[in-house]
Amino acid sequence: MFEGFEKISVKTSGAVINAVRAGNGEPLLLLHGYPQTLTMWHLVAPRLAEHFTVVAADLRGYGSSSKPEGGADHAGYSKRAMAQDQVEMMQRLGFEQFFLAGHDRGGRVGHRMALDHPERVKKLAVLDIVPTRTMFAQVNQYLATVYYHWFFLIQPFDLPERMIGADPEFYVRNAFSRLGGSALAREAIAEYVRAFRDPAVIHASCEDYRAAASIDLEHDAADLAAKVACPLLVLWGAKGRIAQMFDVLATWRERAGRVRGRALPCGHYVPEEAPEETLQELLAFFRD
């Protein structure tokens, strides 16, 4: 699904990151969400590569990237650690500064990266999220029901790992059906299922969420006075759950100074459900 892309593997100080690369022009890093891999960009990345040097990467713990230990405090899967991987990878590819678009977990990594490394991120696009701290602070029965996995995956090792591992294909397919992923390509879903058949991916993804409910909140609390300095584009699915719970733009304007964005005619999996609209929004933002 990434014809013409070069497959690369980059060793950072904390992990080995799997990625694909193509195109010329200013560098653009694409990061995926849960329970996915870099494959989620397969409809958008080739056309972005007509304008940019596109690097689509697997986050640590996901896909074909390495799965380091999380540690007792889950710091190995803090968004700070996950962002550091990507900064180092881009630097080793020769990119000191770059554009960044992240969906779901990738957007959370991007948010942290823009705070920790403002000199690196020239512009940031986040897709179908509000800040993690906001999610936990405003949780109600509706959110706990539709995003139940936020609270399931943070349970202590190895309850969620055993339950998902009993039938990972059922779990992954059910996750997509719950969040309206019926439009996703069969080949893409097959890749996500393949990845989740690895027990190390299951454990790492749980650690990602455990970090979100612990050390990430500590980092966010320490940075409450800080705002994202670079221009921020926010895209979300008009048919998704985030749109029903939050005033998305208003929420992000509390955390960033230069915010724009809109809802697209889709659910949660924005680049796969609305690839043309996503492409046009990203092109207009990053080329402006």
Side-chain angles (χ1 to χ4, degrees), residues 1-12 15-66 79 82-95 97-111 113-114 120-129 184-185 187-192 194-195 201 204-205 208 233 235 268-276 278-283 285-287:
M1 288 191 283
F2 286 87
E3 185 176 354
F5 279 70
E6 173 192 7
K7 182 175 171 59
I8 57 178
S9 181
V10 179
K11 182 175 176 57
T12 72
V16 178
I17 300 301
N18 175 67
V20 294
R21 173 181 175 175
N24 294 292
E26 293 195 74
L28 168 58
L29 174 61
L30 304 176
L31 298 177
H32 65 86
Y34 178 92
Q36 298 176 286
T37 70
L38 64 83
T39 297
M40 66 157 290
W41 292 103
H42 71 101
L43 295 175
V44 177
R47 295 179 66 187
L48 287 171
E50 297 172 7
H51 306 274
F52 305 97
T53 299
V54 171
V55 179
D58 287 333
L59 297 167
R60 70 159 61 187
Y62 289 86
S64 297
S65 288
S66 66
K79 304 310 153 294
M82 297 171 89
Q84 185 66 36
D85 288 336
Q86 303 298 327
V87 166
E88 291 183 24
M89 177 191 70
M90 293 298 280
Q91 187 174 31
R92 290 174 190 183
L93 293 175
F95 306 127
Q97 293 184 311
F98 47 89
F99 300 135
L100 170 58
H103 173 257
D104 190 78
R105 312 311 289 175
R108 300 185 190 286
V109 172
H111 182 198
M113 192 188 302
R120 304 287 188 184
V121 183
K122 295 174 67 176
K123 291 184 177 182
L124 171 64
V126 295
L127 279 61
D128 211 60
I129 63 166
L184 274 60
E187 298 89 343
I189 293 179
E191 170 60 14
Y192 307 144
R194 180 203 66 78
V201 170
S205 64
D208 173 10
L233 174 68
L235 302 175
H268 176 61
Y269 301 100
V270 178
E272 293 171 281
E273 295 181 59
E276 185 62 35
T278 302
L279 174 69
Q280 295 306 320
E281 291 292 334
L282 293 179
L283 286 175
F285 177 61
F286 290 127
R287 295 171 74 188

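The structure presented is a predicted model; accordingly, all values stated were derived computationally and were not measured. These values consider heavy atoms only, across backbone and side chains, with no hydrogens, waters or symmetry-generated copies.
Residue Leu38 comes nearest to Phe2 through the heavy atom pair O-CZ, 3.5 Å, listed as atom of the first residue, atom of the second, then distance. Nearest heavy-atom pair, Met40 versus Pro271, reported as atom, atom and distance to 0.1 Å: CE-CG, 3.4 Å. The shortest non-hydrogen separation linking Ala49 to Ala22 is CB-O, 3.9 Å. Shown here for Trp41 and Leu127, the closest heavy-atom pair between the two residues is CH2-CD2, 4.0 Å.
Not counting sequence neighbours, Arg287 has no partner by the side-chain hydrogen bond (donor to acceptor under 3.5 Å, both in side chains) test. With sequence neighbours excluded, the residues that form a side-chain hydrogen bond (donor to acceptor under 3.5 Å, both in side chains) with Lys122 are Glu26. Applying the salt bridge (charged side-chain N to carboxylate O under 4.0 Å, His left out) rule to Arg21 yields no partners; only residues at least two apart in sequence or on another chain are considered. Checked against side-chain hydrogen bond (donor to acceptor under 3.5 Å, both in side chains), Thr12 has the following partners two or more places apart in sequence or in another chain: Asp85.
The side-chain heavy atoms of Phe52 and Leu283, taken from C-beta on, include a pair separated by under 4.5 Å. Taking the side chain as every heavy atom from C-beta outward, Leu233 and Phe286 never approach each other to under 4.5 Å. Within the 4.5 Å cutoff, the side chain of His103 has no heavy atoms near those of the Val126 side chain. The shortest distance between side-chain heavy atoms of His42 and Pro275 does not fall below 4.5 Å. Proximity of Phe98 to Val55: side-chain heavy atoms (C-beta onward) are nowhere separated by under 4.5 Å.
In this structure, CZ in Arg120 is found 13.0 Å from CG in Leu29, a value given to the nearest 0.5 Å. The CD atom of Gln86 lies 9.5 Å from the CZ atom of Arg60; values are rounded to the nearest 0.5 Å. The CE atom of Met113 lies 9.0 Å from the CD atom of Gln84; values are rounded to the nearest 0.5 Å. Atoms CG and NE2, on Leu100 and His111 in that order, are 12.0 Å from each other to the nearest 0.5 Å. Taken to the nearest 0.5 Å, the CG atom of Leu28 stands 10.5 Å off from the CZ atom of Phe95. The CE atom of Met90 sits 12.5 Å away from the CD1 atom of Ile17 when rounded to the nearest 0.5 Å.
For residues 47-57, every residue pair satisfying the side-chain hydrogen bond (donor to acceptor under 3.5 Å, both in side chains) rule, not counting sequence neighbours, is listed here: Arg47-Glu276. Applying the salt bridge (Lys or Arg N to Asp or Glu O under 4.0 Å) test to every pair with at least one member in residues 101-111, sequence neighbours left out, gives these pairs: Arg105-Asp208.
Of the possible donor and acceptor atoms, none in the side chain of Thr37 sits under 3.5 Å from a partner among the backbone N and O of Gly63. Judged purely by atom type and a 3.5 angstrom limit, Asp58 uses its side chain to pair as donor or acceptor with the backbone of Ser64. Distance alone, capped at 3.5 Å, is enough to place a donor-acceptor pair between the His32 side chain and the Leu59 backbone. Although no hydrogens or angles enter the test, the distance criterion places a donor-acceptor pair under 3.5 Å between the side chain of Ser205 and the main chain of Val201.
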For this session: Kindly indicate, with the supporting measurements, whether the criterion side-chain contact (heavy atoms from CB on, under 4.5 Å) is fulfilled by Leu30 and Leu48.
Result: CA-CA 10 Å; Leu30 304 176; Leu48 287 171; 4.2 Å; yes
For this session: Apply side-chain contact (heavy atoms from CB on, under 4.5 Å) to the pair Thr278 and Glu273, showing each step before the final yes or no.
Result: CA-CA 9 Å; Thr278 302; Glu273 295 181 59; over 6 Å; no
